[in-house]
Number of protein chains: 2
Amino acid sequence: MVGDQDSVGALDPLVGYHLRRAFGAFSGDFTAAMEGTGMRQVLVGVLAVVARSPGINQGAVGRVLDIKRANMVSLINELVEAKLLTRETDPQDRRAFALAVTDRGREVLADSLARIEAHEARMLAGFTETERAALLELLRRIERRAGDSA
Amino acid sequence: MVGDQDSVGALDPLVGYHLRRAFGAFSGDFTAAMEGTGMRQVLVGVLAVVARSPGINQGAVGRVLDIKRANMVSLINELVEAKLLTRETDPQDRRAFALAVTDRGREVLADSLARIEAHEARMLAGFTETERAALLELLRRIERRAGDSA
DNA sequence: TATTGTTATACTCTATAACTATA
DNA sequence: TATAGTTATAGAGTATAACAATA
């Protein structure tokens, strides 16, 4: 069988290597789960963050999701053109845009989250709830360490 | 504090979201750890696989690491031009190239692995050995599920 | 027919630098 | 002077299709 632990030699004991592969597996299945919807990982992320904090501007969304301002532009354009987000000049700070999710955006987000739940169930089949929670907690601790040096 | 769990709304309970962020944190620190060496994640991967299986061809390396044949070409070119790999026509199958790591390649791989160990120690600071092993095992189970559908 | 390696191509993601308009 | 958004650009990763040589 190809892809077995042994064939990767020195990589096998590395957490980073397995993180990479597990992320790749998730990404591939995520893309398949979203097929036909036009949604991608980042777009769902942006939609979820704006839904959580209506009126937020793109810079702030980028800071939450670790996306550079320059790269936020086309993402927001995509979502606004698809009528999933509205973008209006913030009266309190006329440099910024206040973002909000449209009704259609809320529908698409709900549909995306339903697909994602099925996708997660698929990827974590065989995991007990305890194991799932443990994995989540260990991953969160890695993210926090990243913040230390940033 | 930016990037807090709460600000991501519906994403927070998702393993995929945290996998993505943890992978991003690892990748950033990996790149920093390799600064000045010219090595990248994929290149170390290829070097490690060839070191483990001398005489292997590029297609097989790609299958092990989930890299498409078309994308292997420039990677192998890079490593051969840097004199870290040799590429010779396989006498048993003249379509294929038998790959092998050069002495210099072995040195670079050893140096890379030393840097990676320090990087992993940094990213997993505060993890007990039990926690590290648990994380590794949970990630491996996700990879295996990915193989099921492939 | 199938497989190895190759070329060409394209899309996404990520990163930096320089610009504008507002604060 | 700092910040919000923008433009332009470039590198890396990933994907597909089509081809030549060999099996």
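A note on names: the letters A, B, ... follow the listed sequences, proteins ahead of strands, and every chain is numbered from 1. Below, each value reflects all heavy atoms present in this structure, side chains not excepted, and no hydrogens, waters or symmetry copies.
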Separation of [N] [atom2] from [X] [atom1] (nearest whole Å):
X: D66(B); N: dA15(D); atom1: CG; atom2: C1'; value: 13 Å
X: I67(A); N: dT14(C); atom1: CD1; atom2: C1'; value: 10 Å
X: R87(B); N: dT6(C); atom1: CZ; atom2: C1'; value: 11 Å
X: R20(B); N: dC13(C); atom1: CZ; atom2: P; value: 7 Å
X: N77(A); N: dT7(D); atom1: CG; atom2: P; value: 7 Å
X: M34(B); N: dG11(D); atom1: CE; atom2: C1'; value: 19 Å
X: M72(A); N: dC13(C); atom1: CE; atom2: C1'; value: 13 Å
X: I56(B); N: dT4(C); atom1: CD1; atom2: P; value: 11 Å

Residues forming a side-chain contact (heavy atoms from CB on, under 4.5 Å) with R87(A), sequence neighbours excluded
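Result, side-chain contact (heavy atoms from CB on, under 4.5 Å) vs R87(A): Q58(A), I76(A), N77(A), V80(A), F97(A), L99(A).
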Base, sugar-phosphate alone, or nothing: which one does N57(B) contact when heavy atoms must sit under 4.0 Å apart?
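Since only primed, P, OP1 and OP2 atoms lie under 4.0 Å of N57(B), the category is sugar-phosphate.
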To check you understand the geometry: which heavy-atom pair defines the closest contact between P13(B) and L136(A), and what is its length?
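Minimum heavy-atom separation between P13(B) and L136(A): O-CD2, 3.8 Å.
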Do you know which two heavy atoms are closest between M39(B) and M34(B), and how far apart they sit?
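For M39(B) versus M34(B), the nearest heavy atoms are O-CB, 3.5 Å.
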Residue pairs fulfilling salt bridge (charged side-chain N to carboxylate O under 4.0 Å, His left out) with at least one residue in residues 93-102 of chain A, sequence neighbours excluded:
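For residues 93-102 of chain A, and leaving out neighbouring residues, the salt bridge (charged side-chain N to carboxylate O under 4.0 Å, His left out) pairs sorted by first residue read D93(A)-R95(A).
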K68(B) or L75(B): which one's nearest nucleotide on DNA chain D is closer to the 5' end?
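Comparing both residues, the 5'-ward one is L75(B).
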Distance test, side-chain N/O of R69(B) to OP1/OP2 of dT14(D), below 4.0 Å
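So the side chain of R69(B) is outside the cut-off, no N or O lying under 4.0 Å from OP1 or OP2 of dT14(D).
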Are any of R40(B)'s side-chain N or O atoms less than 4.0 Å away from OP1 or OP2 of dT14(C)?
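So the side chain of R40(B) is outside the cut-off, no N or O lying under 4.0 Å from OP1 or OP2 of dT14(C).
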Would you call V42(B) and R20(A) a side-chain contact if the rule is heavy atoms closer than 4.5 Å?
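V42(B) vs R20(A): side chains touch.
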Do L43(A) and L75(A) make a side-chain contact, defined as non-hydrogen atoms from C-beta onward lying under 4.5 Å apart?
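Yes, at least one pair of side-chain atoms sits under 4.5 Å.
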Polar atom pairs (N or O), protein with nucleotides 17-23 of chain D, under 3.5 Å:
residue, atom, partner, partner atom, Å
dA23(D), OP1, R94(B), N, 2.8
dA23(D), OP2, R94(B), NH1, 3.3

Would you kindly compare F97(B) and N71(B) by the position of their nearest DNA chain C nucleotide and give the one closer to the 5′ end?
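Here F97(B) is the residue nearer the 5' end.
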Working to the nearest 0.5 Å, report the span between CG of L135(B) and CZ of F127(B).
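The CZ atom of F127(B) is 6.0 Å from CG of L135(B), to the nearest 0.5 Å.
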